[in-house]
Amino acid sequence: YPLLVLGLWNASLLFSLSQPRPVVRAMILGAAVDMLAGYLLSRVLSYQFAVVGFALGAAAFACLSSFSVVKRFRALDYYYFASAA
């Protein structure tokens with residue numbers, strides 16, 4: 001859950017900067033990793049290992065959204081100027 005919370009925190013920050021596309025991209029890729037890994041692990045090993053797929057999907061969501069936030073922080077002066085207008 002901490003990875004999911006980190007991803008949601010980053011998503012709210014990106015939404016406040018009017019940047020929904022990186023959030024949607026991170027959500028779609030995170031859900032795809034979750035479903036693919038969870039399905040494969042539940043079929044290959046056991047049903048209990050589907051939670052590992054959830055953790056991998058949350059990690060993908062957190063990493064992708066964190067990369068987007070860091071990218072926006074590199075141009076923070078632009079977003080500060082744009083918010084004042």
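Every value quoted in this text rests on a predicted model; they were computed, and no experiment measured them.
- Scored by the side chain to side chain donor-acceptor pair (under 3.5 Å) test, R43 finds Y47 as partners (sequence neighbours excluded).
- Partners of S66 under the side-chain contact (heavy atoms from CB on, under 4.5 Å) rule, at least two apart in sequence or in another chain, are L6, N10.
- Applying the 6.0 Å contact sphere to CZ of F67 captures no more than 12 heavy atoms from other residues, nucleotides or ligands.
- Here the closest non-hydrogen pair linking L14 and S65 is CD1-O, 4.1 Å.
- Taking both residues in full, the closest heavy atoms of A11 and V23 are given as CB-CG1, 3.7 Å, listed atom of the first, atom of the second, then distance.
- Side-chain heavy atoms closer than 4.5 Å link hydrophobic residues (I, L, V, M, F, W, Y) into clusters, and following such links, even through other members, never connects V24 to L4.
- Between L3 and F61, the closest side-chain pair of non-hydrogen atoms is not below 4.5 Å.
- Considering only heavy atoms from C-beta on, P22 comes within 4.5 Å of R72 through its side chain.
- Applying the side chain to side chain donor-acceptor pair (under 3.5 Å) rule to S46 yields the partners Q48; only residues at least two apart in sequence or on another chain are considered.
- Using a 4.5 Å heavy-atom threshold, the side chains of L13 and S16 count as touching.
- Note: the hydrophobic cluster containing M27 does not contain V70 (ILVMFWY, side chain heavy atoms under 4.5 Å, direct or indirect links).
- Cluster membership check: F73 shares its hydrophobic cluster with F15, using side-chain heavy-atom separations under 4.5 Å among Ile, Leu, Val, Met, Phe, Trp and Tyr.
- Distance CG/L36 to CG/L41: 9.0 Å, rounded to 0.5 Å.
- Scanning both residues, A60 and V33, for their nearest heavy atoms gives CB-CG2, 4.2 Å.
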Checklist entry - Stepwise, does the side chain to side chain contact (heavy atoms under 4.5 Å, CB included) test hold for V44 with F49? => result CA-CA 9 Å; V44 172; F49 287 96; over 6 Å; no
